[in-house]
*Asks:* 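After the structure tokens below, expect a handful of questions from me.
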Amino acid sequence: MPKVSEIKKNAAVEYDGNVYFVKDIERSVPQGRAGGSIYRMRMYNVVTGAKLDESFKDTDMLNIADLTRRPVTLSYIDGDEYVFMDSEDYTSYSLNKETIADEAQFIAEDTQNLQVVVLNDVPVGVDLPGVVELVIVDTAPAMKGSSATSRTKPATLTTGLVVQVPEHISTGDRIRVNVEECKFTGRA
């Protein structure tokens with residue numbers, strides 16, 4: 001059972017009988033007090049997606065949840081259901097689009113290094129790699145000689161996500177997108 005000060009972002013913890021993903025941690029040191037730091041954590045319920053903001057002392061203890069991550073590939077999308085196939089034992093996992101709304105905008109049929117998060121044999125979420133490759137389906141035409149400028153234009157990707165790209169990028173180009181910042185990082 002680790003102390004609160006040892007828990008990192010994106011960890012899964014047990015709290016009040018539920019399992020939560022820790023999405024944000026803010027540490028503060030109260031002035032004029034003898035004692036430790038206060039950790040404010042923004043957590044999301046793994047099953048319901050409900051947000052919980054909670055404060056802990058640095059000496060508090062939290063259980064790390066027993067989650068399993070399985071390497072998968074996207075098999076197909078059936079309406080609002082995303083169906084993933086385990087890369088090792090070919091098990092099928094279905095997740096509703098609402099459950100993975102934030103991640104769905106980065107998932108295309110050829111997205112590599114995906115992992116399904118499994119809690120008690122039930123899929124509860126998807127872990128994305130740090131950078132994904134997507135194809136531009138719509139953007140303004142490339143401007144000749146514009147590669148030396150730092151101006152950008154919006155580009156719509158195969159998943160519907162819109163990111164800002166340099167002016168010299170055109171429709172049909174395969175680009176790399178940073179998942180954390182939702183930003184263009186370069187051509188693929």
Side-chain angles (χ1 to χ4, degrees), residues 8-12 20-26 40-53 67 69-87 92-119 123-188:
K8 306 286 186 221
K9 280 173 83 171
N10 296 324
Y20 294 92
F21 282 126
V22 177
K23 291 295 183 183
D24 193 31
I25 301 173
E26 186 179 303
R40 288 185 188 86
M41 294 187 180
R42 174 159 287 169
M43 304 183 290
Y44 290 89
N45 189 303
V46 167
V47 178
T48 65
K51 180 175 78 169
L52 175 69
D53 290 326
L67 293 179
R69 287 174 167 75
R70 302 290 301 167
V72 295
T73 55
L74 178 64
S75 288
Y76 60 92
I77 301 170
D78 183 19
D80 282 347
E81 288 291 315
Y82 280 67
V83 180
F84 299 91
M85 184 177 64
D86 192 306
S87 301
S92 176
Y93 299 106
S94 292
L95 286 163
N96 191 301
K97 188 173 184 174
E98 285 181 19
T99 307
I100 59 169
D102 293 340
E103 293 86 359
Q105 60 189 348
F106 297 102
I107 300 174
E109 291 178 2
D110 59 348
T111 303
Q112 301 294 313
N113 301 322
L114 294 174
Q115 292 183 328
V116 164
V117 180
V118 181
L119 172 67
V124 293
V126 175
D127 273 352
L128 298 170
V131 175
V132 295
E133 293 182 5
L134 297 169
V135 176
I136 296 175
V137 293
D138 184 40
T139 189
M143 295 178 63
K144 192 171 185 105
S146 62
S147 62
T149 66
S150 61
R151 292 187 305 205
T152 60
K153 61 184 179 181
T156 305
L157 306 175
T158 52
T159 61
L161 178 67
V162 176
V163 296
Q164 293 293 320
V165 298
E167 287 183 333
H168 66 278
I169 302 292
S170 58
T171 301
D173 285 354
R174 188 172 190 81
I175 64 168
R176 296 167 51 102
V177 178
N178 180 311
V179 172
E180 187 78 24
E181 300 173 356
C182 197
K183 286 186 177 178
F184 167 85
T185 60
R187 278 194 170 132

*Asks:* Any side-chain heavy-atom pair from Ile77 and Val83 closer than 4.5 angstrom?
*Replies:*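 The answer is no, as the side chains (C-beta and beyond) never meet within the 4.5 Å cut-off.
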
*Asks:* Output the distance between atom CG (Asp127) and atom CG (Leu67), rounded to the nearest 0.5 Å.
*Replies:*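 Answer for the CG-CG pair, Asp127 versus Leu67, is 9.0 Å.
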
*Asks:* Please report the closest heavy-atom contact between Gly172 and Val135, naming both atoms and the distance.
*Replies:*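 The answer is O-CG1, 3.9 Å.
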
*Asks:* Please list, chain by chain and in numerical order, all residues satisfying side chain to side chain contact (heavy atoms under 4.5 Å, CB included) with Ala50, sequence neighbours excluded.
*Replies:*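 Here the qualifying residues are Asn45, Thr48.
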
*Asks:* Using the side chain to side chain contact (heavy atoms under 4.5 Å, CB included) criterion, which residues pair with Thr73? Sequence neighbours excluded.
*Replies:*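 Scan of Thr73 (side chain to side chain contact (heavy atoms under 4.5 Å, CB included), adjacent residues dropped) gives Met85, Ser87.
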
*Asks:* How many angstroms lie between atom NZ of Lys183 and atom CD of Gln164, to the nearest 0.5 angstrom?
*Replies:*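 The distance works out to 10.5 Å.
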
*Asks:* Using 0.5 Å steps for rounding, measure from the CG atom of Asp173 to the NE2 atom of His168.
*Replies:*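 One finds 8.0 Å between CG of Asp173 and NE2 of His168.
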
*Asks:* Could you check whether any side-chain N or O of Ser170 sits under 3.5 Å from a backbone N or O of Thr139, counting only pairs where one atom can act as donor and the other as acceptor?
*Replies:*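 Side chain of Ser170 to backbone of Thr139: no pair is present.
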
*Asks:* Output a table of donor-acceptor pairs, distance under 3.5 Å, between side-chain atoms of residues 102-110 and any protein atom two or more places apart or on a different chain; print 'none' if there are none.
*Replies:*
| unit_1 | atom_1 | unit_2 | atom_2 | d |
| --- | --- | --- | --- | --- |
| Gln105 | NE2 | Asp102 | O | 3.3 |
| Asp110 | OD2 | Arg174 | NH1 | 3.3 |
| Asp110 | OD2 | Arg174 | NH2 | 2.7 |

*Asks:* Are Ile136 and Thr156 packed together at the side-chain level, in the sense that at least one heavy-atom pair is separated by less than 4.5 angstrom?
*Replies:*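 A side-chain contact is absent here, since even the closest heavy-atom pair is not under 4.5 Å.
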
*Asks:* Is there a side-chain contact between Asn96 and Glu81 in this structure, where contact means two heavy atoms from C-beta onward sitting under 4.5 Å apart?
*Replies:*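 Counting from C-beta outward, Asn96 and Glu81 do come under 4.5 Å.
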
*Asks:* Decide yes or no for Val177 and Leu157: does some side-chain heavy atom of the first lie under 4.5 Å from some side-chain heavy atom of the second?
*Replies:*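 Contact flag for Val177/Leu157 side chains = yes.
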
*Asks:* When you measure from the side chain of Lys97 to the backbone of Gly79, do you find a donor-acceptor pair of N or O atoms at a distance under 3.5 Å?
*Replies:*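 Answer holds: no.
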
*Asks:* How about Phe184 and Pro166: do any of their side-chain heavy atoms sit closer than 4.5 Å?
*Replies:*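 Side chain of Phe184 against side chain of Pro166, heavy atoms only: contact under 4.5 Å found.
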
*Asks:* Is any side-chain N of the basic residue among Arg151 and Glu167 closer than 4.0 Å to the acidic one's carboxylate O?
*Replies:*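 Glu167 and Arg151: salt-bridged.
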
*Asks:* Going through the checks in order, is the side-chain contact (heavy atoms from CB on, under 4.5 Å) test met by Val126 and Val117?
*Replies:* CA-CA 6 Å; Val126 175; Val117 180; over 6 Å; no

*Asks:* Please give me the minimum heavy-atom distance between Pro123 and Val116, naming the atom from each residue.
*Replies:*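 Minimum heavy-atom contact is CB-CG1, 3.7 Å.
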
*Asks:* Within the 4.5 Å heavy-atom criterion, are Val163 and Pro154 side-chain neighbours or not?
*Replies:*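 Side-chain contact under 4.5 Å: no.
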
*Asks:* Asp80: what forms a salt bridge (charged side-chain N to carboxylate O under 4.0 Å, His left out) with it, not counting sequence neighbours?
*Replies:*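 If we apply the salt bridge (charged side-chain N to carboxylate O under 4.0 Å, His left out) test to Asp80, skipping adjacent residues, there are no hits.
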
*Asks:* How long is the span from the CE atom in Met43 to the CZ atom in Phe21, to the nearest 0.5 Å?
*Replies:*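 Atom-to-atom, Met43:CE and Phe21:CZ are 13.0 Å apart.
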
*Asks:* Quick one: CZ on Phe84 to CG on Leu74, what's the gap to the nearest 0.5 Å?
*Replies:*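 Output value for this atom pair is 5.0 Å.
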
*Asks:* The criterion is side chain to side chain contact (heavy atoms under 4.5 Å, CB included); which residues satisfy it with Lys51, sequence neighbours excluded?
*Replies:*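 Arg42, Tyr44, Asp53.
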
*Asks:* Under 4.5 Å between any side-chain heavy atoms of Val22 and Asp24, yes or no?
*Replies:*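 They are not in contact (no side-chain heavy atoms under 4.5 Å apart), so the answer is no.
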
*Asks:* In Å and rounded to the nearest 0.5 Å, what is the CZ to CD1 distance from Arg187 to Ile175?
*Replies:*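 Reported to 0.5 Å precision, the distance equals 10.0 Å.
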
*Asks:* Check side chain to side chain contact (heavy atoms under 4.5 Å, CB included) between Asn178 and all other residues, then give those that pass, not counting sequence neighbours.
*Replies:*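 Residues passing side chain to side chain contact (heavy atoms under 4.5 Å, CB included) with Asn178: Glu180, Glu181, Thr185.
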
*Asks:* Check the pair Tyr20, Leu52 against side-chain contact (heavy atoms from CB on, under 4.5 Å), reporting the backbone distance first and the verdict last.
*Replies:* CA-CA 9 Å; Tyr20 294 92; Leu52 175 69; 3.7 Å; yes

*Asks:* How close do Ala155 and Val165 get, counting heavy atoms only, and between which atoms?
*Replies:*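 Looking at all heavy atoms of both residues, the shortest contact is CB-CG2, 3.8 Å.
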
*Asks:* Measure the shortest side-chain to side-chain distance between Pro129 and Val179 over non-hydrogen atoms and say whether it is less than 4.5 angstrom.
*Replies:*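 Of all side-chain heavy-atom pairs linking Val179 with Pro129, none is under 4.5 Å.
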
